[in-house]
Amino acid sequence: MSKSGKFAKLPGFRDFPPEDLALRNHVFAAWRRVSRRYGFVEYDGPPLEELDLYTAKSGDEIVDQLYQFSDKGDRRVALRPEMTPSLARILAIRSRSMPKPIRWFSIPQLFRYERQQRGRLREHFQWNVDLVGEGGVASDAEVLAVALEGLRELGLGSKDVRARVSHRALLASILQATGVSSEQMPAVFGVIDRIEREPPERIAERLRSGDEAGLDEATTKKILGLFQEPGLDSVEEAFAEHESVVTCVATMRDYLRILDELGFSPFVEFDLTIVRGLAYYTGIVFEIFDRTGEFRAICGGGRYDHLLEHVGGDPLPAVGFGMGDVVLSELLKERSLSPVYAPEVDYFIVSIGEAQEGLARRVASAQRGLGRSVIYGLGNQSVKKQFSAAAAAGAASVIVLGPDEVEQGRAVVRDMKSGEERQVALEDLLDASRVQVGAGIDRSTSERVGGV
RNA sequence: GUGGGCGUAGCUCAGUCGGUUAGAGCGCCAGGUUGUGGCCCUGGAGGUCGCCGGUUCGAUCCCGGUCGCUCACCCCA
């Protein structure tokens, strides 16, 4: 839709004018606060990586949708579609010398070349939190707790969102016990992933179909039956004699208990249909959704115990998640949880008559030296015009330099909210060692949304 | 990648059964005599009616293509 020869932005990419950047910053700030509260430290990596880093590790879907090309040195490279491989690469080099567990987080911008849809663009920011070097369920629970706390920090409670958790090894053991061969396993995982979105007949058809799972009638029936009563109790009962199932169920119970102790059980539901597409997950996996079901998954993650060694590092267990900014921002906007954007400055200096303009600049300079945000009209404008500019800029106070007061060594300071005006000595405005001219100027500008 | 819907001013949208200078509200700019913002009044700028081609005496309107947006599918960071 390029208009009159101008450039348009690339499909699937976003501009962030101040009112949109305010929301992004609001989300990032919450993510960083929560990360730190849980003892995670921030890292980053390059947005461009060697193509091979992804082709071997990520699922086929991701590889098909890479933004990839050859650079001038004939290297096959790709814009990062996810952060985990970079993390693994970085840790492969240095994890040996680091105390475990490693608690790292990042907010990378990620890229995928695919047709954009609602909640899914070609570029997004993703909060990645990973806990490396500890294989117990306590770390799985810790990581999910961080994700949920991040949402809670933004105003989304257990009434708004829920985490659906499952265990890949548990599902694999169950399927194996049911008679699914290891060759059929990936296809069956794929079908199970769709259980919620398709009618039972279609699911059965897929399970039987030779193009997909290729199961016999009896096994198909058993699997379908399994998902009619998919609770942990019924699973344990049905597979009581299968040791690997029993072990995984026990792990799952520990996990749920720890989440309860951390105060997150209202958010969490066991759900065997959560599979996740990425190839490298090995244990407990989870996805977080809004409860209305109106949006895509807000967050997904799980345990990936072999990725680091695949990338050439030490074999370290790891668990982590990614939470994208796109779906989350849509949800926040819909729930009116996004910050109201309004520019703000401490002072706008109004000059009445050109004779005062030099003084205005000296006052501005002195006040800026004190850390105040100060603007004034850059052209010769009517008083009325200057006041409306002050209002538009969100000035807390206006300093009025009129010939009458200036002659007596004073200025008028008007509080724009209350409309109250008082006289202040010019020397107080100009002397950087003095302080406090108007109301409400102690707030640090950098902490405000509009001023970030 | 597949299919459906849509595409008129910065934004939200009217409108033209094909016919001369395409409209509104909001926003923006300028004024309502350079001592006061939010309200009000007046005026103005801004559109090759997404782009290319076809049909026609004539297209923003009809047809085709294309690009973009959007929904669904595929799939899922």
Side-chain angles (χ1 to χ4, degrees), chain A residues 1-13 17 19 54 57-67 78-86 106 108-128 190 193-194 197-198 274-281 287 289 295-302 320-328 348-357 377 379-406 411-421:
Chain A
M1 216 205 290
S2 67
K3 289 186 176 170
S4 57
K6 297 270 169 55
F7 294 107
K9 66 183 190 313
L10 258 19
F13 286 80
E19 58 273 23
Y54 305 110
K57 308 338 162 215
S58 307
D60 293 340
E61 317 81 39
I62 286 185
V63 173
D64 289 343
Q65 296 170 341
L66 282 172
Y67 246 111
L79 286 171
R80 59 188 176 193
E82 55 167 341
M83 197 57 176
T84 313
S86 295
S106 190
Q109 188 174 23
L110 306 177
F111 305 87
R112 298 189 89 182
Y113 194 89
E114 65 172 343
R115 190 152 171 179
Q116 67 158 320
Q117 308 163 54
R118 184 178 186 203
R120 207 145 192 239
L121 308 172
R122 287 184 171 177
E123 145 278 320
H124 71 146
F125 290 89
Q126 190 186 63
W127 184 29
N128 269 250
D193 193 29
R194 323 183 50 83
R197 285 167 288 171
E198 293 188 11
I274 296 299
V275 173
R276 311 241 348 110
L278 294 180
Y280 49 65
Y281 287 117
E287 290 184 351
F289 293 85
F295 297 89
R296 299 168 174 282
I298 299 164
C299 174
F321 70 81
M323 184 185 293
D325 71 317
V326 179
V327 172
L328 179 58
F348 188 104
I349 304 176
V350 167
S351 300
I352 302 173
E354 283 181 70
Q356 320 305 324
E357 288 180 5
N380 184 26
Q381 292 169 315
S382 70
V383 173
K384 184 189 179 87
K385 183 119 224 159
Q386 293 181 70
F387 265 90
S388 75
S397 303
V398 166
I399 296 172
V400 187
L401 302 177
D404 299 348
E405 292 85 358
V406 167
V412 169
V413 175
R414 179 185 177 88
D415 182 301
M416 290 296 273
K417 198 151 248 163
S418 67
E420 265 172 57
E421 292 189 355

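Note on naming: letters A, B, ... go to the chains in the order of the sequence lines (proteins, then strands), and numbering restarts at 1 for each one.
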query = How would you list, by chain and number, every residue that makes a salt bridge (charged side-chain N to carboxylate O under 4.0 Å, His left out) with A:Arg122, sequence neighbours excluded?
reply = none

note = When A:Gly12 and A:Glu123 are each assigned the nearest nucleotide of RNA chain B, the 5'-most assignment goes to A:Gly12

Separation between the P atoms of B:U66 and B:G4, rounded to whole Å = 12 Å

key: Base-contact (B) and sugar-phosphate-only (S) positions in nucleotides 38-46 of chain B, heavy-atom cut-off under 4.0 Å, - elsewhere   = B--------

message = Let's see if you can work this out: which of B:C76, B:G35, B:A77 has an atom nearest to the side-chain heavy atoms of A:Val400?
response = B:G35

message = Can you check the distance between B:G50 and B:C41, where both ends of the measurement are the P atom (answer in whole Å)?
response = 33 Å

key: Listed partners of A:Phe125 passing ring pair (Phe, Tyr, Trp, His ring centres under 6.0 Å), at least two apart   = A:Phe28

note = The correct list of stems in which RNA chain B takes part (3 or more consecutive Watson-Crick or G-U pairs, distances under 3.5 Å) is B:1-7 with B:67-73, B:10-13 with B:23-26, B:28-32 with B:40-44, B:50-54 with B:62-66

key: A:Val350, A:Val413, A:Val412 screened by side-chain contact (heavy atoms from CB on, under 4.5 Å) with A:Ile399, the one that passes   = A:Val413

request  = For A:Gln109, report the nucleic acid contact type (base, sugar-phosphate, nothing); a contact means any heavy atom under 4.0 Å.
outcome  = nothing

Upstream residue (5' side of RNA chain B) when A:Glu354 and A:Ala392 are each assigned their closest nucleotide = A:Glu354

query = Can you find a donor-acceptor N/O pair under 3.5 angstrom joining the side chain of A:Glu421 to the base of B:U36?
reply = yes

task = Send over the distance from A:Phe289 CZ to B:A77 C1', rounded to a whole Å.
result = 13 Å

request  = Looking at every strand, decide which applies to A:Gly324 at a 4.0 Å heavy-atom threshold: base, sugar-phosphate, or nothing.
outcome  = nothing

request  = Using the P atoms only, state how far B:G53 lies from B:G1, rounded to an integer number of Å.
outcome  = 25 Å

query = Does a nitrogen or oxygen in the side chain of A:Arg112 sit under 4.0 Å from OP1 or OP2 of B:C75?
reply = no

ask   = Say you pick atom P in B:C29 and the same atom in B:G46; how far apart are they, in whole Å?
value = 16 Å

request  = Taking atom C1' in both B:C51 and B:A45, compute the distance separating them and give it to the nearest angstrom.
outcome  = 26 Å

note = Contacts of A:Phe295 meeting ring pair (Phe, Tyr, Trp, His ring centres under 6.0 Å) (sequence neighbours excluded), chain-then-number -> none

Touch class at under 4.0 angstrom, heavy-atom based, for A:Asp404 against every strand present = base

inquiry  = Rounding to an integer number of angstrom, what distance separates B:G18 and B:C57 when you compare their C1' atoms?
reply    = 12 Å

key: Nearest-angstrom distance, P atom, B:A24 to B:G15   = 15 Å

query = Between the side-chain atoms of A:Gln386 and the base atoms of B:G35, is any donor-acceptor pair under 3.5 Å?
reply = no

query = If the P atom of B:C49 is compared with that of B:A59, how far apart are they to the nearest Å?
reply = 12 Å

ask   = Considering only B:C29, B:C75, B:G35, which nucleotide approaches the side chain of A:Lys385 most closely?
value = B:C29

query = Base, sugar-phosphate alone, or nothing: which one does A:Arg122 contact when heavy atoms must sit under 4.0 Å apart?
reply = nothing

request  = Using the test ring pair (Phe, Tyr, Trp, His ring centres under 6.0 Å), find all partners of A:Phe13 that sit at least two apart in sequence or belong to another chain.
outcome  = none

